[in-house]
Amino acid sequence: WKSLPLDTRHFKSLELRLLSLFENLDEELDGRLIKSENYQALNTLKDKFKGRVKCSYIDPPYNTSTETLPYSDNFRHASWMSMIQDRIAAARDLMGPKGVMYSSIDANERRGLECAMENVVGSDNRVEEIIWVQNTTKSQSPTYSNNHEYVEVYTRNLDAVKKDERMFREPK
């Protein structure tokens with residue numbers, strides 16, 4: 001049971017005892033997974049991880065008129081752009097020289113996300129746009145199917161990434 005995850009919120013009396021078992025908790029951990037509002041999470045990490053993050057993934061609200069997330073999902077375009085640029089800038093500051101940022105989006109704000117990424121990270125640091133098929137039963141269009149979304153991929157320094165033969169390549 002050595003690798004069994006344990007949520008200490010259910011065992012408050014054990015929390016400090018468990019943490020004291022680690023001499024240096026940061027050295028024992030090999031990564032972080034944070035479930036949070038993304039701007040808050042990024043700012044929480046900024047002092048400790050500035051320039052050290054290898055990969056970040058931002059999943060912004062899509063501005064689709066459905067309110068399934070705790071975001072105001074009817075942002076006006078300018079408000080949405082301001083919100084997303086703040087998050088991209090915070091993520092960029094965390095990235096190391098070969099750090100990569102992924103961000104999912106649908107067609108509603110795809111161009112806006114691209115513009116925000118280019119404004120903050122630079123168009124010369126664009127790696128690729130990944131198109132992926134989403135739920136195939138969602139689209140009911142009689143003429144064509146628009147059942148895909150996008151993942152915009154940018155890096156802190158495209159030249160550094162291109163020099164690393166292991167980045168974005170699988171062995172043949």
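- Under 3.5 Å, the side chains of D159 and N157 contain no donor-acceptor pair of N or O atoms.
- Taking all atoms of both residues into account, the shortest heavy-atom contact from P97 to A160 is O-CB, 4.0 Å.
- Taking both residues in full, the closest heavy atoms of R87 and I58 are given as O-CD1, 3.8 Å, listed atom of the first, atom of the second, then distance.
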Residue pair R126, E152: steps toward the side-chain contact (heavy atoms from CB on, under 4.5 Å) verdict: CA-CA 8 Å; R126 183 175 190 267; E152 301 302 327; 3.8 Å; yes
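- Y39 and L45 end up in different hydrophobic clusters when Ile, Leu, Val, Met, Phe, Trp and Tyr side chains are linked at under 4.5 Å.
- In this structure the side chain of Y102 reaches within 4.5 angstrom of the side chain of C55, judged on heavy atoms.
- Taken together through direct or relayed side-chain contacts under 4.5 Å among Ile, Leu, Val, Met, Phe, Trp and Tyr, V127 and V151 form part of one hydrophobic cluster.
- Residue R156 comes nearest to G96 through the heavy atom pair CB-O, 3.2 Å, listed as atom of the first residue, atom of the second, then distance.
- Residues M101 and R92 approach most closely at CE-N, 3.7 Å, considering heavy atoms.
- Side-chain heavy atoms closer than 4.5 Å link hydrophobic residues (I, L, V, M, F, W, Y) into clusters, and following such links, possibly through other members, connects Y150 to W80.
- Annotation: the span from M167 atom CE to K162 atom NZ amounts to 12.5 Å, rounded to 0.5 Å.
- Annotation: the span from M117 atom CE to N119 atom CG amounts to 11.5 Å, rounded to 0.5 Å.
- Under the 3.5 Å distance criterion, the side-chain polar atoms of R52 are matched with a main-chain donor or acceptor of K48.
- In this structure a side-chain-to-backbone donor-acceptor pair under 3.5 Å is present from S20 to R17.
- Counting all heavy atoms, side chain and backbone alike, K46 lies closest to N43 at CG-O, 3.3 Å.
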Given the rule in the side-chain contact (heavy atoms from CB on, under 4.5 Å) test, do E149 and R110 qualify, once you have shown the distances and angles that lead to the verdict? CA-CA 9 Å; E149 294 188 4; R110 174 180 165 246; over 6 Å; no
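- Note: Y154 OH to S56 OG = 13.5 Å, rounded to the nearest 0.5 Å.
- Side chain to side chain, S104 and Y57 meet the donor-acceptor criterion of an N or O pair below 3.5 Å.
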Quick one: do K98 and K54 satisfy side-chain contact (heavy atoms from CB on, under 4.5 Å)? Show the steps, please. CA-CA 7 Å; K98 293 189 284 184; K54 295 177 183 174; over 6 Å; no
Take L158 and T155, measure what side-chain contact (heavy atoms from CB on, under 4.5 Å) needs, and give me the verdict at the end. CA-CA 6 Å; L158 188 59; T155 183; 3.8 Å; yes
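- Between L113 and I88 the shortest side-chain heavy-atom distance falls below 4.5 Å.
- Nearest heavy-atom pair across M81 and C115 is CE-CB, 4.1 Å.
- The side-chain heavy atoms of P60 and I105, taken from C-beta on, include a pair separated by under 4.5 Å.
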